[in-house]
Every structure is written in C-alpha cells, then in structure tokens.
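Residue numbers start at 1 and run along the sequence shown.
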Amino acid sequence: MYVIISEVYNLYSIEREIRRLSAEIESLKNPQNLSASPHLDGLREENARLKYRLNILKRSLQDERSHCTKYMMNINQQLQEIFGEAIRASCPELDNPPLAVTPNQQAKFGDYQCNSAMRCIRPLYTEIIISFIYYMLFLSHFFFLSSGFINIHLKRTFVSKLLSNLLVNGVQPPPLASRKKVVVDFSSPNIAKEMHVGHLRSTIIGDSMCRLFEFLGYDVLRLNHVGDWGTQFGMLIAHLQDKFPNYLDVCPPISDLQAFYKESKKRFDEEEDFKRRAYQCVVKLQSKEPDFIKAWNLICDVSRKEFQKVYSCLDIQIIERGESFYQDMMTAVVKEFEEKGLVELDEGRKIVFAPGQSIPLTIVKSDGGYTYDTSDLAALRQRIFDEKADVIIYVTDSGQGTHFQVVFAAAQMIGWYDPQVTRVEHAGFGVVLGEDKKKFKTRSGDTVRLMDLLDEGLKRSMDKLKEKDRDKVLTLEELTKAQTSVAFGCIKYADLSHNRINDYVFSFDKMLDDRGNTAAYLLYAFTRIRSIARLANIDDATLRKAAETTEVLLDHEKEWKLGKCILRFPEILQKILDDLLLHTLCDYLYELATTFTEFYDSCYCVEKDRQTGEVVKVNMWRMLLCEATAAIMAKGFDILGINPVQRM
C-alpha cells in the first residue's frame with residue numbers, strides 16, 4: 001500500500017510539472033515570446049520525458065492494484081493511509097498529526113468521514129488530496145465541511161468490483177507484511193481438579209483469539225499452561241500409595257479425580273503423619289525419582305482425559321505445556337536476576353521490585369522453593385527467546401491483571417523485550433454470574449462443573465428444536481448436528497458477544513432466544529440465507545460462474561447498504577486485532593444479518609408465479625449478494641468457533 005501511495009504522489013507531482021511545462025511551451029509558441037526563452041526545444045524534451053515517466057508510473061500503479069484483487073481490501077485502512085500521506089506531503093512540519101477515518105453514521109453524509117486533522121491543510125492543499133483520491137479510483141466525490149471534517153463517498157462500481165473479487169476468491173484477509181509468531185496462553189485448568197465454569201471464558205475467548213490470528217496469517221502457538229506441579233502432588237501421590245498400593249503394576253481405577261483430591265486434602269489437613277509423608281513425596285517428585293514420576297503421570301493422565309471431553313465438545317485445539325515444563329529453567333532465571341543485581345532479600349525470601357510497581361515478585365521462597373512468579377517469568381522468557389514470539393497474549397481472569405503487570409515490568413527491566421517491538425499483553429475478563437447476579441454456583445453452592453453445563457446446554461437446545469417442530473422435518477442425523485451447533489454455539493456466543501472486560505450473566509433462556517443478538521438468531525438467519533439458492537434450484541457451479549460473469553448491481557439503497565456492510569469485515573478484524581475485544585465481531589455479524597433482512601424484504605432475489613409457485617425469474621446479482629453475506633457470516637462463525645449447519 002505504501003508503494004501505491006508513493007507512486008500516486010509521484011504521479012501528482014509529475015502531472016503538475018507537465019502542466020507547468022505545457023503552459024510555458026504554449027506561451028513560447030507565441031512569436032512575441034520567443035525572445036523570452038531560448039530553451040523551447042529543451043522544454044519540449046523535458047515535457048516528453050515527464051510524460052513517458054508518467055505513463056510508466058500509471059502502469060506500475062495499475063499492476064500493483066491487480067496483485068491485490070485476490071484479497072479483501074480494508075477500505076478504512078486504505079483511506080487512512082491516503083489521507084495520512086497527503087497530510088505528511090502537505091505539512092512536513094507536523095509531527096504525527098492526528099488522523100482518523102471512520103464509517104459515517106448517517107448515510108446521507110457519505111460512507112466515511114475524515115476527522116478535523118484536515119483543517120491544517122484544507123485551505124492550501126485541496127488539490128493534492130483530490131489528486132491522491134483521483135488515482136485511487138474508488139471514491140466518487142467528497143466534501144469539505146467548515147468544521148474540518150471531510151465526508152467521503154465510495155464509487156458503486158468500486159464496491160461492486162470488490163464484492164465480485166470476494167465471490168470469486170473467497171474471504172481472503174489482506175496480506176501481512178511479515179508472518180509473525182503469536183503465542184496465546186489460555187484455558188489453563190489445574191491437574192486433579194475438574195474444569196469449572198470459571199475456565200469457560202478463558203477457553204472460549206482464547207480459542208477465538210487464536211482463530212482470528214490464524215485466519216489473518218499469523219503463526220500461532222496455542223498453549224495450555226496447566227497447573228501440573230507443586231506441593232499438592234505430594235498429598236495426591238501419598239494418597240495414591242495408600243489407596244492403590246499396586247499402582248506401579250496395575251493402572252488405578254480413578255474415575256472421579258475431584259473426589260480423590262478432596263479425600264487427600266482432608267487427610268492432609270487432619271493427619272499429621274500423612275502430611276509428613278506428603279512433604280516427603282514432594283521432595284522425591286522434585287528429585288524425579290522414577291516411581292514418583294510414574295505416579296505423577298498417572299494422575300495427570302486422568303485429568304487430561306477429563307479435560308479432553310470439554311475440549312472435544314467445544315472443538316478446542318491446544319498444546320499442553322504446564323508448569324512442570326519450566327521447572328528446569330527457573331534456576332537460570334533466578335541466577336540472571338541475581339547477576340544483574342535486581343534481587344533483594346526479605347525475611348529469607350528473594351524478591352524483585354520492578355519499576356513503577358508497588359508489589360514485588362517472590363522468585364525464591366524462604367524454604368528455597370520456587371513460586372508461581374518464578375514459573376511465569378521462566379515461561380515468558382522461554383516464549384520470547386526460544387519460541388521467538390512477536391506477540392504473547394495471556395487470557396486469564398482480570399483478578400490476575402496486577403500479577404501479570406508486575407511480571408511484564410520485571411521482564412522489561414531485565415531487558416528481555418522491548419514493548420515497542422514485542423507485544424506482551426494480558427487479556428483479562430470478568431466473572432460468570434448467575435441470573436441472581438452473583439457468582440455462578442449450583443443450588444448447593446458448589447462451583448458448576450463445565451461438563452454438567454455443556455450437557456445441560458445439549459438438553460436445552462434439543463428442547464428448543466422440538467418446540468419449533470424441527471424434529472418433524474429433520475432426519476435424526478440432521479437434528480443431532482443442529483442440537484450440537486445450537487448448544488455449543490449459543491454458549492460460546494453468549495460469552496463472546498459481551499465485552500470480555502465485564503462480568504456477564506449466564507442464562508440459557510437468553511442465549512437460546514432466537515430474537516436479538518444471539519447465536520440462535522444468527523444461526524437461523526444463516527441457514528435461511530443458505531437455503532435461498534437451494535430453494536431456487538441454483539447449484540454451486542452456477543453461482544461460481546455467475547460470480548465471474550455477473551456484475552453485482554447496487555442500484556437499490558438496500559443493495560448498496562448491504563454491499564458496504566459486507567466489505568467492512570476486514571476493518572472489524574483489524575479493530576479486534578488491536579484491542580482483542582471479540583464482541584465487536586458479534587455486533588458486526590448481528591448488524592450484517594439485520595441489514596440482510598432489510599435487503600431481502602425490499603429486493604426480490606427469486607420471483608415466483610403466485611399461483612403455481614414456480615420460479616419465473618432469478619435476479620442473479622442479488623443471489624450473489626446472498627452468497628457474499630453467507631460467506632462473511634461463515635468466516636465470522638469460524639473465528640468465533642461456531643459450527644453452523646446447512647439445515648436447522
């Protein structure tokens with residue numbers, strides 16, 4: 001894009017010079033002016049040279065554009081670059097002038113609006129901006145307002161062409177300047193404890209972030225930083241030895257690890273001899289004695305199987321890399337902080353104060369053991385230096401925000417990364433509330449098991465489908481697919497459609513409601529859009545051919561509104577990339593679905609005989625708008641981790 005802008009500015013400069021030389025040549029053609037300049041031949045030669053260069057630049061610009069047709073264009077970003085370049089060229093004395101281009105909220109004022117930063121150049125440099133926009137070839141006209149704003153109107157032919165490119169090439173994001181490595185740390189349950197509703201948000205939000213980065217072309221590493229190390233394993237192993245003394249030869253039948261954990265914890269709190277043996281087990285585990293490593297692995301494997309049930313339901317792909325992975329790295333981390341004189345002693349502890357932080361990190365306990373602080377520092381260091389990550393995101397509850405703030409500050413202090421180069425961020429989220437606005441619990445006050453919640457979702461979604469008589473028109477296989485799609489799609493969307501920073505109320509009744517901004521509404525809308533071509537007996541091959549040969553007309557105001565809404569998809573993804581707030585995508589998909597409904601109610605896609613019901617006319621350009629809408633919705637669903645079905 002920068003190449004295009006530079007060439008546009010060169011074109012403008014050359015054309016301005018050509019106009020000046022042409023005017024001088026015309027003046028010299030007048031015999032009365034011949035004595036004024038003896039360089040007429042030189043001027044003509046210079047003029048010809050500039051015209052030649054102008055044609056080369058125009059062809060180069062045309063070639064540059066042709067390479068980009070495969071990808072969706074971020075129109076907002078293009079406009080910002082154009083106007084930004086115009087301002088920099090016009091007012092080089094300004095240092096980073098403020099500039100924002102936003103979609104216009106009122107259609108009568110145009111499609112986009114450029115902010116008041118233009119006031120500094122409007123009186124003198126209007127011609128430069130006009131030249132830039134003329135060569136970009138996608139704006140029909142624009143207006144300067146006295147307030148300093150510019151209202152920008154897109155060309156309908158330009159929007160039509162972009163829609164055709166989308167239909168022919170599919171939903172392709174703008175290409176990346178370079179393929180960066182992204183590490184996302186999410187889910188992170190504790191071994192020997194069941195996943196509960198508190199893990200739901202981290203799992204869903206983290207997975208969706210990964211899907212977004214993957215779609216945009218980043219190299220993504222999905223990490224599950226499970227709690228698989230620590231003193232609690234001493235009591236678990238000691239209890240395992242007592243309850244299943246032959247565990248080394250026969251795999252113990254531990255079906256309920258949560259109950260097993262509670263039993264061992266009760267003994268640890270009440271039996272001094274058991275507590276002593278538990279501490280001894282910890283020492284032997286940390287010394288990596290084979291029998292104790294085997295016991296540890298047995299316990300971890302039982303947990304993994306339970307975790308995988310949840311991940312399979314929610315279609316989560318993730319690599320386990322727990323705290324144990326970083327154990328051997330912690331000594332080196334402590335040594336590095338000590339060698340740089342950053343460690344202080346406090347009642348036997350080794351602590352680190354980071355600049356601007358009032359709370360220290362404890363990197364070694366008074367008994368010589370390491371802490372979560374040490375583990376998180378080791379993990380961050382490994383991700384920066386071994387994984388060579390450009391972006392590292394931690395998806396945990398907001399309550400851990402202060403902890404990560406201190407860890408990041410310490411890592412910067414010691415020189416592990418520069419925040420201007422490497423993006424390290426904590427994406428915090430609020431808690432899940434029950435309909436009573438209190439923390440989501442069972443009636444007995446226990447934490448809600450995640451598998452129980454997912455099973456309840458399946459039951460509720462089937463009840464909803466039967467309430468709509470879908471069991472009478474769908475096959476058993478179709479009904480089961482619809483049940484799964486609605487259940488898990490609604491649970492995910494209910495979470496993602498809320499600003500992650502806020503708490504949100506978990507309500508099956510609201511999330512399964514097919515009215516308003518819910519997954520149920522969007523899934524039904526998507527299914528209806530997909531059925532339009534099928535009911536008109538138009539197959540995929542016909543639609544593909546039409547995409548290559550049929551112009552997408554945008555004469556009707558609802559066609560125009562829908563076309564522009566479809567093309568805003570890359571802008572939405574860029575915004576989420578910047579702030580990691582996924583509810584923006586949910587809001588956009590809801591807007592797209594409602595905009596489509598307006599279009600479909602006002603514009604006939606398929607015209608039928610009122611008496612026979614036979615199709616008499618297909619408005620193919622409108623069918624293509626249906627397909628483009630469905631393509632964007634499908635990709636949006638994919639980023640959110642929602643699996644729509646063809647029939648519902």
Side-chain angles (χ1 to χ4, degrees), residues 186-190 192-209 226-227 232 256-259 261-262 265-266 269 306-307 309-311 313-314 316 372 394-405 426-461 463-464 486-521 580-584 586-587 640-642:
F186 69 104
S187 193
S188 307
N190 290 312
K193 294 183 180 180
E194 289 186 289
M195 293 181 73
H196 55 76
V197 71
H199 295 111
L200 182 67
R201 299 208 74 183
S202 178
T203 304
I204 290 173
I205 294 169
D207 175 62
S208 188
M209 286 182 184
V226 298
Q232 74 272 23
D256 190 342
L257 195 56
Q258 185 81 357
Y261 179 89
K262 289 180 178 179
K265 183 68 168 66
K266 187 173 185 296
D269 292 338
E306 292 302 311
F307 296 161
K309 291 177 183 178
V310 172
Y311 296 144
C313 285
L314 297 177
I316 305 295
Y372 287 121
Y394 293 80
V395 186
T396 73
D397 66 272
S398 296
Q400 298 186 52
T402 301
H403 165 71
F404 282 112
Q405 184 177 323
H426 174 236
F429 53 81
V431 300
V432 182
L433 304 177
E435 294 188 73
D436 58 0
K437 305 295 177 66
K438 296 179 181 178
K439 276 194 174 183
F440 197 31
K441 302 279 187 180
T442 63
R443 289 182 179 179
S444 61
D446 294 330
T447 302
V448 179
R449 294 176 66 249
L450 199 42
M451 275 310 301
D452 290 346
L453 191 75
L454 298 178
D455 289 341
E456 178 67 14
L458 286 169
K459 177 182 178 300
R460 297 270 194 129
S461 66
D463 292 343
K464 188 73 175 180
V486 171
F488 302 145
C490 286
I491 289 172
K492 289 183 178 184
Y493 193 87
D495 190 318
L496 296 170
S497 61
H498 290 83
N499 188 322
R500 64 170 166 79
I501 297 172
N502 302 329
D503 300 342
Y504 92 97
V505 175
F506 190 98
S507 168
F508 274 121
D509 290 338
K510 289 181 179 178
M511 66 178 64
L512 290 168
D513 194 341
D514 54 12
R515 297 163 297 177
N517 188 7
T518 66
Y521 169 78
L580 302 177
L581 296 174
L582 290 151
H583 70 276
T584 305
C586 299
D587 292 343
L640 298 175
I642 296 172

- Item | Identified salt bridge (charged side-chain N to carboxylate O under 4.0 Å, His left out) counterpart of Arg201 within the set Asp207, Asp397, Asp495 | Asp495
- Task: Keeping the roles fixed (side chain from Glu194, backbone from Arg449), state whether a donor-acceptor pair exists under 3.5 Å.
- Result: no
- dist Leu582:CG -> Thr584:OG1 (nearest 0.5 Å) comes out at 8.0 Å
- Message: Tell me whether the rings of His199 and His196 are parallel (<30°), tilted (30 to 60°) or perpendicular (>60°).
- Response: tilted
- Begin with the C-alpha distance, continue with both residues' side-chain angles, and end with the deciding distance and a verdict on side-chain hydrogen bond (donor to acceptor under 3.5 Å, both in side chains) for Tyr493 and Asn517. CA-CA 9 Å; Tyr493 193 87; Asn517 188 7; 2.4 Å; yes
- Message: A side-chain contact here means heavy atoms from C-beta on lying under 4.5 Å apart; do Val432 and Val505 qualify?
- Response: no
- Message: So Phe506 and Leu453, do their side chains get closer than 4.5 Å, heavy atoms only?
- Response: yes
- Query: Just how far is it from atom CG of Leu496 to atom CG of Leu581, taken to the nearest 0.5 Å?
  - Reply: 11.5 Å
- Message: Closer than 4.0 angstrom, basic N to acidic O: yes or no for Lys437 and Asp503?
- Response: no
- Under a 4.5 Å cut-off applied to non-hydrogen side-chain atoms, are Phe186 and Met209 in contact? no
- Test item: Lys492 side-chain N/O and Leu314 main-chain N/O as donor-acceptor pair under 3.5 Å: yes
- Among Ser187, Ser208, Ser188, whose side chain to side chain donor-acceptor pair (under 3.5 Å) with Thr203 holds? Ser187
- With a 4.5 Å heavy-atom cut-off, do Val310 and Ile316 have their side chains touching? no
- If you measure from OG on Ser202 to CZ on Phe429, what distance do you get to the nearest 0.5 Å? 4.5 Å
- Would a distance-only check, ignoring hydrogens and angles, find a side-chain to backbone donor-acceptor pair under 3.5 Å from Asp256 to Ala259? yes
- To the nearest 0.5 Å, tell me how far Ile491 CD1 sits from Leu458 CG. 7.5 Å
- Message: Using modelled atom types and a 3.5 Å cut-off, is there a donor and acceptor pairing between side-chain atoms of Arg500 and backbone atoms of Val395?
- Response: no
- Item | Exercise: do Ser497 and Tyr504 side chains pair donor with acceptor under 3.5 Å | no
- Item | Pairwise side-chain contact, His498 with His583, heavy-atom cut-off 4.5 Å (strictly under) | no
- Message: I'd like to know if the side chain of Thr518 and the backbone of Asp514 have a donor-acceptor N/O pair within less than 3.5 Å.
- Response: no
- Distance in Å, Phe508 CZ paired with Asp463 CG, rounded so as to fall on 0.5 Å steps: 11.0 Å
- Task: Could you tell me whether the side chain of Phe307 reaches within less than 4.5 Å of the side chain of Met195, counting heavy atoms only?
- Result: yes
- Task: Look at Glu456 together with Lys459 and state whether they make a salt bridge at an N to O cut-off of under 4.0 Å.
- Result: no
- Query: Is the Phe404 ring parallel, tilted or perpendicular to the Tyr394 ring (thresholds 30°, 60°)?
  - Reply: tilted
- Query: Do you know the tightest heavy-atom contact between Tyr521 and Gly516?
  - Reply: CB-O, 3.2 Å
- Item | Any Leu257 side-chain heavy atom under 4.5 Å of Glu306 side chain | no
- Query: Under a 4.0 Å N-O cut-off, is there an ion pair linking Lys438 with Asp436?
  - Reply: no
- Item | Heavy-atom side-chain proximity of Arg460 to Cys490 below 4.5 angstrom | no
- Can you tell me how far CG of Asp509 sits from CD of Glu435, rounded to the nearest 0.5 angstrom? 6.0 Å
